[in-house]
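The structure appears below as structure tokens.
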Amino acid sequence: MIGIFDSGVGGLSVLREIRKLLPGEDCVYYADNANCPYGEKSREFIIGRAREISEMLIGKGADIVVVACNTATAAAISALREEYSDPGKPGTGRKVLALSGGKRDHIKFIGMEPAIKPAIMMTVTGVVGVLATAGTLKAEKYRHTRELADGKVTVAEHVGQGFVELVESGITSGPDAEDTVRASLKPLLDEGADTIVLGCTHYPFLMDTIRKVAGPDVTVIDPAPAVARHVAEVLSEERKDVPLSSGKLTLLASGSDTFLKRFAENMIR
């Protein structure tokens with residue numbers, strides 16, 4: 001089973017791509033919408049929530065956990081891998097073994113990473129724009145990824161102010177969405193960015209609006225398809241002799257699940 005979690009509905013953009021590639025896999029999605037957004041939360045808070053949610057997903061049978069949130073990936077994935085993925089290392093992996101009843105010897109964690117590397121290959125102007133949350137942009141993991149561009153291209157960054165709130169309200173198009181997107185996208189375009197990297201899983205649900213505001217000469221990169229391909233690769237390596245399951249999808253939330261289920265029904269085809 002594949003477990004996926006995010007602060008809200010944003011990670012459904014990743015789930016959507018996973019379902020396209022792996023329609024036979026059981027998936028359980030958890031939206032921590034009672035604590036959304038994560039962008040301004042402390043690193044300690046996010047790590048704590050990531051631990052609790054991962055433990056719950058593993059307890060439900062997940063042997064792959066996708067941290068479908070750039071902010072949570074930046075803050076917590078190293079800690080998750082250290083604490084849950086290596087039962088052979090003293091002092092780690094104990095929770096997984098207890099939850100799995102000894103049936104699995106490790107859990108794979110897959111996170112999000114801004115697609116700066118492909119953006120470097122695609123830009124013509126030599127300026128790559130990154131739209132992300134404040135938590136992602138200030139994280140050490142992001143800074144390491146950004147170093148890929150050193151000496152190759154210029155990276156312009158901006159927080160997608162109000163993007164998460166729009167998506168969590170179900171607003172992905174129209175005048176309000178366009179005004180919000182334009183305010184954060186304009187500084188990147190003014191710096192000459194012709195390639196925009198989406199560094200938050202909520203943002204792909206604003207893709208049509210982002211493309212409309214950016215114009216036809218700007219390429220917008222959604223990292224979700226690449227993450228889904230990575231999940232498929234991990235499954236092919238880990239489960240060579242295990243048949244696909246029924247393709248059941250379970251949607252869970254820390255708050256109300258009404259909007260989550262309605263949004264998923266509309267956005268996951």
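- A donor-acceptor pair under 3.5 Å links the side-chain atoms of Asp26 to the main chain of Lys248, judged by distance alone.
- Distance check: His158 NE2 to Ile196 CD1 gives 11.0 Å after rounding to the nearest 0.5 Å.
- Residue Glu140 qualifies as open at atom CD: its count of foreign heavy atoms under 6.0 Å is 12 or below.
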Please tabulate, for the side chains in residues 210-217, all donor-acceptor contacts under 3.5 angstrom to protein atoms that are two or more places apart in sequence or on a different chain.
from: Lys212; atom 1: NZ; to: Glu178; atom 2: OE2; distance (Å): 2.7

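- Ser184 places a side-chain N or O within 3.5 Å of a backbone atom of Val159 that can act as its donor or acceptor partner.
- The CG atom of Leu15 sits 5.5 Å away from the SG atom of Cys27 when rounded to the nearest 0.5 Å.
- Nearest heavy-atom pair across Asp6 and His202 is OD2-CE1, 3.2 Å.
- With Ser236 contributing its side chain and Glu233 its backbone, the two residues share a donor-acceptor pair below 3.5 Å.
- Side-chain atoms of Thr180 come within 3.5 Å of backbone N or O of Asp176 as a donor-acceptor pair.
- When atom types are taken as modelled, the side chain of Lys41 and the backbone of Pro37 share a donor-acceptor pair closer than 3.5 angstrom.
- Hydrophobic clustering, with ILVMFWY side chains joined whenever heavy atoms are under 4.5 angstrom apart, groups Met207 together with Leu189.
- Taking 4.5 Å as the limit, every side-chain heavy atom of Leu251 sits out of range of all side-chain heavy atoms of Asp257.
- Of the possible donor and acceptor atoms, one in the side chain of Ser256 sits under 3.5 Å from a partner among the backbone N and O of Thr258.
- Here Thr145 contributes atom OG1 and Asn70 contributes atom CG; the two are 10.0 Å apart, rounded to the nearest 0.5 Å.
- Heavy atoms only, all atoms of each residue included: Gly11 and Tyr29 are closest at N-OH, 3.1 Å.
- In this structure, Asp179 places its CG atom where more than 12 heavy-atom neighbours from other residues, nucleotides or ligands lie under 6.0 Å away.
- Note: the hydrophobic cluster containing Leu235 also contains Ile4 (ILVMFWY, side chain heavy atoms under 4.5 Å, direct or indirect links).
- Asp32 and Arg49 are joined by a salt bridge, as a carboxylate oxygen and a charged side-chain nitrogen come within less than 4.0 angstrom of each other.
- Between Ala232 and Leu21, the shortest heavy-atom distance links the atoms CB-CD1, 4.4 Å.
- Residues Thr201 and Ser13 have side chains that never bring a donor and an acceptor to within less than 3.5 angstrom of each other.
- Atom CZ of Arg81 and atom NZ of Lys108 lie 9.0 Å apart (nearest 0.5 Å).
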Extract all donor-acceptor atom pairs below 3.5 Å that involve side chains of residues 222-231 and protein atoms in other chains or at least two apart in sequence.
from: Asp222; atom 1: OD1; to: Ala224; atom 2: N; distance (Å): 2.9

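- The shortest side-chain heavy-atom distance between Phe163 and Thr133 does not fall under the 4.5 Å cut-off.
- Across every non-hydrogen atom of Ala50 and Ala76, the tightest pair is CB-CB, 3.7 Å.
- In this structure, the side chains of Cys69 and Phe5 stay at 4.5 Å or more apart for every pair of heavy atoms.
- With hydrophobic clusters built from ILVMFWY side chains whose heavy atoms lie under 4.5 angstrom apart, Leu198 does not share a cluster with Ile120.
- Under the 4.5 Å side-chain criterion, counting only non-hydrogen atoms from C-beta, Val127 is not in contact with Val153.
- To the nearest 0.5 Å, the span separating CE on Met1 from CD1 on Ile58 amounts to 12.5 Å.
- Note on Leu80: it clusters hydrophobically with Ile46, by side-chain heavy-atom contacts below 4.5 Å among ILVMFWY residues.
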If you apply the rule side chain to side chain contact (heavy atoms under 4.5 Å, CB included), what do you find for Leu131 with Val197, and how did you get there? CA-CA 6 Å; Leu131 280 171; Val197 175; over 6 Å; no
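- No chain of hydrophobic side-chain contacts below 4.5 Å, direct or via other Ile, Leu, Val, Met, Phe, Trp or Tyr residues, connects Ile47 to Ile107.
- A side chain to side chain contact (heavy atoms under 4.5 Å, CB included) with Val65 is found for one member of Ile2, Ile53, Leu57 and no other, namely Leu57.
- If you check the side chains of Glu157 and Tyr142, you find a donor sitting under 3.5 Å from an acceptor.
- Here the side chains of Val164 and Tyr203 are in contact, with some heavy-atom distance below 4.5 Å.
- A salt bridge does not link Arg262 with Glu265: every distance from a Lys NZ or Arg NE/NH1/NH2 to an Asp or Glu carboxylate oxygen is 4.0 Å or more.
- Judged purely by atom type and a 3.5 angstrom limit, Thr123 has no side-chain atom pairing as donor or acceptor with the backbone of Val128.
- Using a 4.5 Å heavy-atom threshold, the side chains of Asp208 and Thr172 count as separate.
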Ser54/Phe109 under side chain to side chain contact (heavy atoms under 4.5 Å, CB included): CA gap, chis, key distance, verdict: CA-CA 9 Å; Ser54 295; Phe109 284 89; 3.6 Å; yes
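- Between Met112 and Val67, the shortest heavy-atom contact is CG-O, 3.4 Å.
- Phe205 CZ to Asn266 CG: the interatomic distance, rounded to the nearest 0.5 Å, is 10.5 Å.
- A donor-acceptor pair under 3.5 Å is formed between the side chain of Asn33 and the backbone N or O of Gly255.
- Closest approach of Thr136 to Gly199, counting heavy atoms only: OG1-O, 4.0 Å.
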